[in-house]
Every structure is written in structure tokens, then in C-alpha cells.
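The block underneath contains the structure these notes are about, expressed in C-alpha cells.
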Protein chains: 2
Amino acid sequence: MSLAETLGPRRQRSRSETAEHALRRDIVLGTLAPGAALRELDLAQRFSCAQGTIREALMRLSEDGLVTRRARRDTHVAAANPDDAQELLCIRRDIECRAAIRVIESRDDSLLPDLETLMQSMRLAALQGDEYTLMEYDRGFHLRLFEAAATPVVEPVLFRCLLHTQRFKILNSEPESRNLQDTADRHLSILESVAARDADGLTRALSHHIATIVDFGPEVFAAGESSEP
Amino acid sequence: MSLAETLGPRRQRSRSETAEHALRRDIVLGTLAPGAALRELDLAQRFSCAQGTIREALMRLSEDGLVTRRARRDTHVAAANPDDAQELLCIRRDIECRAAIRVIESRDDSLLPDLETLMQSMRLAALQGDEYTLMEYDRGFHLRLFEAAATPVVEPVLFRCLLHTQRFKILNSEPESRNLQDTADRHLSILESVAARDADGLTRALSHHIATIVDFGPEVFAAGESSEP
DNA sequence: AATCACTGTATTATTGATAATGTCAAGATT
DNA sequence: AATCTTGACATTATCAATAATACAGTGATT
């Protein structure tokens, strides 16, 4: 679903998808601030479509946890609190690292070429200074990798984690402090471990990659660990 | 959201909610088998409502990962594969155990009475042999507990984990092998740790509780751990 | 035999209108 | 003063009809 959107030729989007993507972009980039109200009829006018079409888009954004809907009342852009972000980052690390073994063991022939294509796309987006497109390909990279682990019900969980860690990073750092080319290059060690079919290396690469996305201070992942200290 | 549905007086449901709950029940209980096709117009007739209303219900079930929707094509009951179930169980354990500290530190006055009410409701449902209602209160118990951790964006992730572990258990065991009264009582040690404000005890109680839900064999949680061995 | 364009059918997507519900403030009642 | 109506308004929920899309046959073309 969210993978097809980043890999391959971008198919024609339905109206509800157009609205969904535009709104997701605005929310992740902070153009739509946390707490902002979203009225279905207003959005319908803005995207020149019916209310029900917007409704669908909003429901999908609600799936991602980007908006909060109260039945018969209103819809708001979700709050972005650090506790959520840190927890989602932990979950993400655990999910991706646990998947590493399955990924390496999988015989997914198109995995490596797909990842290489996505890597190229990231670099291009970075070169063009298009931060949101870079983020889309970044998500696509991690999702494509995870797809090889063949646990489809977990995939949307990872998607949510990716979205919110990206959003938190944007909302809590200055644009000039973010180096797009670096962000793209940071995926190289992951790619190399996949190419070498090195499960341990992949686990280490992912763990380091994820731990260094947002700076929560020195004690990231320190407290509340699931296993023995 | 899914909490209000189990705590307090059951408010009047909208049509789409009625359909959503009935379908969720059928899917979790296995009445609707994995892979079964769901046509919007058929369901609209069954629940005597419009297609769009069913559409909404299906979208919410899709959020939970209980159905798979392919745009302009079809909707099916999601597959239930063991890898997904085991991974979701791991995620669930990690999430709930990490939350334990925050839960104990929170000053949520209504937490303990709420949990006690839910405990009572579980016992009543068990007594009446109503397994699905028991499962609803079970989810309610864990969600209410987690609510005290104040990470709302993570809550739907936990909800998905709860749903799928329950579904997997139902789909992979015989009804006569499941003791409802036991299932309810298994929450007692959790309740006691909360009452005693014992974070370590709560973590242990939750970890044990979750590890003993489904028998994946002796190596549950053994492989692919996130931290050092 | 393989491929392609075409067409009918099944299904979802979208629409615009209407119904139902929640919010809020002003006035009435205790 | 506090609580309970009431009604106007804002907003979402539902409906029934129509449009758009995907898929499986069918036959023509190579």
C-alpha cells in the first residue's frame, strides 16, 4: 500500500488519495500545526470533491495517528508529544532488528535491486533539496526491507512508527540543521549488509541507524528496556 | 475509542459502528474465516444501511488489520499467519512492559477502580460463558492500564496487538481447551502490582501474563531479541 | 499458439442532498 | 447562584443514485 506509492511509476491517484497525501505532507512537515482543526466541508471545497471523499482521506490519516477524529464533533491534527515519539522509536528499532534475520533468510530476488533504486531516489531527492520526497523514499526503503520479513499485519505498525519519528524530527529541529545528503547516505551500511547477507551486520546497522535519527539525549533506549540490563 | 466501548454504559451505536463491531466479532471468533470475501453492497443489505456506511466500517477494520482492502477491487478477511502473531506478541510485551514504569508513576486516580470494574466484568462474562465479551473486557483492561502511560499514538498499536493475539489464540486452539474463568483470573497479579504501586512487580506480572497467552513452544521470545543475549 | 482490442459484468469510488448529533449561549426555573 | 430548557448553528453521518475502474471472456489479428 504505502510501498507501491514510493516504488514504481506513480499511478494515477484517486481524489481521496490526492487529499490524503497532501494532508499527510502538510501534517508531517508541520505546515498544519498540531491541534489545527480540519473541517470536512472546507477540505472538500479546497480539493474540489465531495465531503465523503475527504472523509475517507481523513479516516486514513486517522489510521496513521496523524489526525484525531471525534464522531459527530470534529477533526484535529494530532498532538506530537515526545513520549509517543520515543516509544515509537523503540518499537521501530525492535521491529526492524527482529525482522533482520527473516529478511536475510528470505529469498526475495527483487529486494536488493529495489533497495538500490530507492537509495538512488533518496539521493536525487536530497540533491534537489526536496525533503518531503526524501522522507517518502526513506519510508519506502525501510518498508521494502521489512516486506521481506513477510509479516504483513506488522507492516502498518512500522509505517506509523516511521511517520511519527519523521514528524517529530521535523517539528523539533531547525531546517538548516538537517543535511539531506547525509540522511540519504546513512542508508548505505544497511544496503551493504543486505548485499552481504549478513544478519548480525544488518541488525547492528539498523540499530545504529535508528538510534541516531533523533537526539533524545544520552539515555535513549537506556530506560525501560524489555530484556535484562 | 476502543476503551469507551468497554468501560461505562454502552452508548448508542451508529450504524457503521454496529456493523464494525459485528464484523470484528465474526472475524476474531473465526465465524468469518481468513480469506472470506466481503462485498460492500451485500453487507449494506445485511445491516440495512447504505454502502458508504459499510465502507466506513470496513475501513476501520482495515485499520486493525482484520480485513485487507484492494482499491476498486475487493475486501477480504485478513490471513492469520503465525509469524505475524508471534511478532505482535513480542511487540505487545515490549510496549506493555516499557509502559509499566510510567503507569506506576502516573497519578491516575480512576485507574485502580476502573481496572477493578473491568476485572469484575471479565469474571461475569466468564461465568456466563460469553467468550467474546470476555475478550472485549480483556482488551479493555490492558488498554485502560496503558492509557495511564499517556502515549496516545501508541495505543492503537497495542490495540492491534491485543486483537491479533486473541484472534490467533481462537483460531489455533479448541474451545474446550480454553478456561474462561482462568483467563479472567490471570489478570489478578497485574491488578495487585498496580494497587501496590510496584513497577518491577507489574513488569514481571505483565511479561509472564503475555508470555503465557499462546503456546508457541519453548522458544517464545528466545530468538531475535532486541537487546544483548 | 500468442497477443491484442473490445465488451459486459462485478465492484468500489464519488457525488450532492438530507438527517442526525453535538455545541453554545440566552433565557427560564428552581 | 445554580441548574435546566430552548433554539440557532456548526459539524459529521447517512443515504440513494451515478461514475469510474478492474477483470474475465470473446473474437480478431498476427
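Bear in mind the structure is a predicted one, so any value in this text is a computation, not a measurement. Lettering follows sequence order; numbering is per chain, from 1.
Between A/Leu41 atom CG and D/dT12 atom P there is a gap of 7 Å when expressed in whole angstrom units. Regarding B/Leu43, its CG atom lies at a distance of 17 Å from the C1' atom of D/dC15, rounded to whole Å. One interatomic measurement links the two molecules: CD of B/Glu17 to P of D/dA13, which rounds to 9 Å at whole-angstrom precision. Spacing between atom CD of A/Glu56 and atom P of D/dA13 amounts to 14 Å, rounded to whole angstrom units. Taking atom CZ of B/Arg15 as the reference point, atom C1' of C/dT21 lies 14 Å away to the nearest angstrom. Atom P of nucleotide D/dT14 and atom CD of B/Glu40 are separated by 14 Å, given to the nearest angstrom. Taking atom CZ of B/Arg39 as the reference point, atom C1' of C/dA13 lies 17 Å away to the nearest angstrom. D/dT14 atom P lies 7 Å from atom CZ of A/Arg55, rounded to whole Å.
Taking only side-chain atoms of A/Gln51, from C-beta outward, the nucleotide of C/dA17, D/dT11, C/dT15 with the closest atom is C/dA17. When distances run from any side-chain atom of A/Arg72 to the nucleotides C/dA17, D/dC15, C/dT21, the shortest one goes to C/dT21. Looking at the side chain of A/Ala71, the nearest of the listed nucleotides C/dG16, D/dA13, D/dT12 is D/dA13. Of the candidate nucleotides D/dA13, C/dT14, D/dA22, C/dT14 has the atom lying nearest to any side-chain atom of A/Ser16.
Residue-level contact check: B/Arg69 touches the backbone only, with heavy atoms under 4.0 Å from sugar-phosphate atoms and none from bases. The residue B/Leu38 sits close only to the backbone: its heavy atoms come under 4.0 Å of sugar-phosphate atoms, none of a base. Heavy atoms of A/Ile54 sit nowhere under 4.0 angstrom from any nucleic acid atom.
Between B/His142 and B/His209, the ring planes lie tilted relative to each other; the angle falls in the 30° to 60° range.
Positionally, the nearest nucleotide of DNA chain D for A/Arg73 lies more toward the 5' end than for the other of A/Arg73 and A/Gly52. Of the two residues near DNA chain C, A/Thr53 and B/Arg70, the one whose nearest nucleotide lies more 5' is B/Arg70.
Listed pair A/Ser14 / D/dA20 fails the phosphate criterion, with no side-chain N or O lying under 4.0 Å from OP1 or OP2.
Of the charged side-chain nitrogens involved, none lies within less than 4.0 Å of a carboxylate oxygen, so that A/Glu136 and A/Arg25 do not count as a salt-bridged pair.
Of the inter-residue distances, the one linking B/Leu66 atom CG with B/Arg60 atom CZ reads 13.0 Å to the nearest 0.5 angstrom.
In this structure a side-chain-to-backbone donor-acceptor pair under 3.5 Å is missing from A/Arg70 to A/His76.
Scanning all heavy atoms of the two residues, the minimum distance from B/Arg93 to B/Ile210 falls at CA-CD1, 3.8 Å.
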